[in-house]
There are 2 protein chains.
Amino acid sequence: MKERRIPKETIDRLPLYLRCLDKLIEQGEENISSENFSNRLNLNSAQVRKDLSYFGDFGKRGVGYETKKLASKIRTILNLDQKWKMALVGVGNIGSALLTYSGFDRRVFEVTMAFDRNPQLIGQEIDGVEVEDVSTVSDRIAEENVKLGIIAVPASSAQKVAEMLVKGGVTGLLNFAPTLLDLPEDVQLAQVDITKELEQLVYYL
Amino acid sequence: MKERRIPKETIDRLPLYLRCLDKLIEQGEENISSENFSNRLNLNSAQVRKDLSYFGDFGKRGVGYETKKLASKIRTILNLDQKWKMALVGVGNIGSALLTYSGFDRRVFEVTMAFDRNPQLIGQEIDGVEVEDVSTVSDRIAEENVKLGIIAVPASSAQKVAEMLVKGGVTGLLNFAPTLLDLPEDVQLAQVDITKELEQLVYYL
């Protein structure tokens with residue numbers, strides 16, 4: 001059950017607060033003020049206070065927020081207090097990098113299945129995950145009840161793969177293919193578009 | 001020289017228009033209406049018309065926009081009508097995937113230098129690029145006049161690497177390390193944070 005409706009802009013910033021809190025916790029900091037947040041995250045402090053107001057009344061005057069409590073609250077809000085199994089389609093360069101990627105918090109996100117169409121890859125084991133035939137992906141992810149899919153195939157196959165994943169019951173997709181996907185409305189999409197990031201970046205140079 | 005000031009939200013959407021236009025051009029479409037754009041990109045059509053108004057008066061009543069002309073105009077605005085050499089630091093899983101990544105348009109973006117601290121990688125050639133010693137990165141990128149850097153090292157080394165790149169004259173950074181970087185104000189940063197994307201995604205599932 002969700003709390004009072006949190007705007008998308010705030011949700012999008014929650015992972016940043018979390019990253020900042022995790023760093024502070026690692027450094028042994030027990031509290032953080034909203035001013036400190038706003039400096040570290042480059043946000044204005046009114047915005048920070050408004051964002052934090054959605055998480056309940058955690059702030060203490062002159063002390064700020066308890067780092068551990070706030071981090072735990074944000075994890076609960078974002079549904080990060082559970083394990084998300086992920087199915088990866090496309091075990092090329094990017095795909096195999098993701099299979100061995102050390103940036104995921106494996107208590108939360110783990111690639112548990114991998115698929116490709118290349119017969120030389122099918123049957124191989126990468127970091128404990130056996131590569132399966134992509135033609136079986138819909139059935140297999142339904143069997144394993146996997147709800148998150150990662151698309152790391154070339155742009156030309158991405159739409160077809162997305163449809164196979166959705167057919168298998170996936171409700172969230174992380175797409176690395178530089179193409180626009182046409183998806184049912186109840187499927188959530190996140191796009192990691194490296195070229196787009198570069199294109200936005202060089203405008204300002 | 002820039003045209004009349006284009007808001008950041010519009011700039012951020014330009015790569016999406018471009019992606020859409022490139023697809024249409026490939027399919028032989030010569031024109032696109034703003035309604036068609038808004039359907040394909042899931043934006044409201046007033047927003048699309050407003051975005052497009054910054055590119056000059058390209059639209060024709062009943063016909064829409066000429067795909068090739070508009071794509072070329074957007075490329076000019078985004079500074080994509082030149083070649084951007086990039087220096088990659090960190091030739092681990094993600095880094096080596098980027099070296100061989102086929103999603104870049106190599107007429108625009110090319111990784112021309114790569115650096116690592118691992119002696120077993122230094123001197124190796126990957127996709128035509130020789131891996132160099134990271135301790136030389138500031139001098140080497142200054143020599144080669146590289147202005148774009150990609151950080152693909154673990155979070156714990158990212159800040160140090162960023163500083164070395166900035167010292168060498170880089171003004172734009174694409175960071176794959178899941179950490180917040182503290183940079184001079186004149187350095188542009190784009191962050192590819194895979195975990196953040198996943199965290200934002202699962203909130204809605």
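Below, chain A is the first sequence line, B the second, and so on; all start at residue 1. FYI, side chains are in, hydrogens and waters are out, and symmetry mates aren't considered; it's all heavy atoms of this structure.
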Side-chain donor-acceptor contact under 3.5 Å, Tyr65(A) with Asn31(A): no
Closest contact, heavy atoms only, Ser38(B) versus Leu43(B): CB-O, 2.9 Å
So Asn39(A) and Glu35(A), side chain to side chain donor-acceptor pair (under 3.5 Å) or not? Walk me through it. CA-CA 6 Å; Asn39(A) 289 336; Glu35(A) 290 72 30; over 6 Å; no
Given a strict heavy-atom distance threshold of 4.5 Å, which part of [X] is in contact with chain A: side chain, backbone, both, or neither?
X: Lys23(B); result: side chain
X: Ile94(B); result: both
X: Gln82(B); result: neither
X: Asn42(B); result: neither

Taking Ile194(B), Val192(B), Leu174(B) one by one, which has the highest count of heavy-atom pairs under 4.5 Å against chain A? Ile194(B)
If we define contacts as heavy-atom pairs under 4.5 Å, which of Val187(A), Leu173(A), Leu98(A) has the most with chain B? Leu173(A)
From the list Phe176(A), Trp84(A), Phe104(A), the residue making the most non-hydrogen contacts under 4.5 Å with chain B is Trp84(A)
Between Gln200(A) (side chain only) and Asp12(B) (backbone N and O only), is there a donor and an acceptor less than 3.5 Å apart? yes
Where do Leu80(A) and Leu18(A) land on the side chain to side chain contact (heavy atoms under 4.5 Å, CB included) test, with the steps shown first? CA-CA 11 Å; Leu80(A) 302 178; Leu18(A) 196 53; 3.7 Å; yes
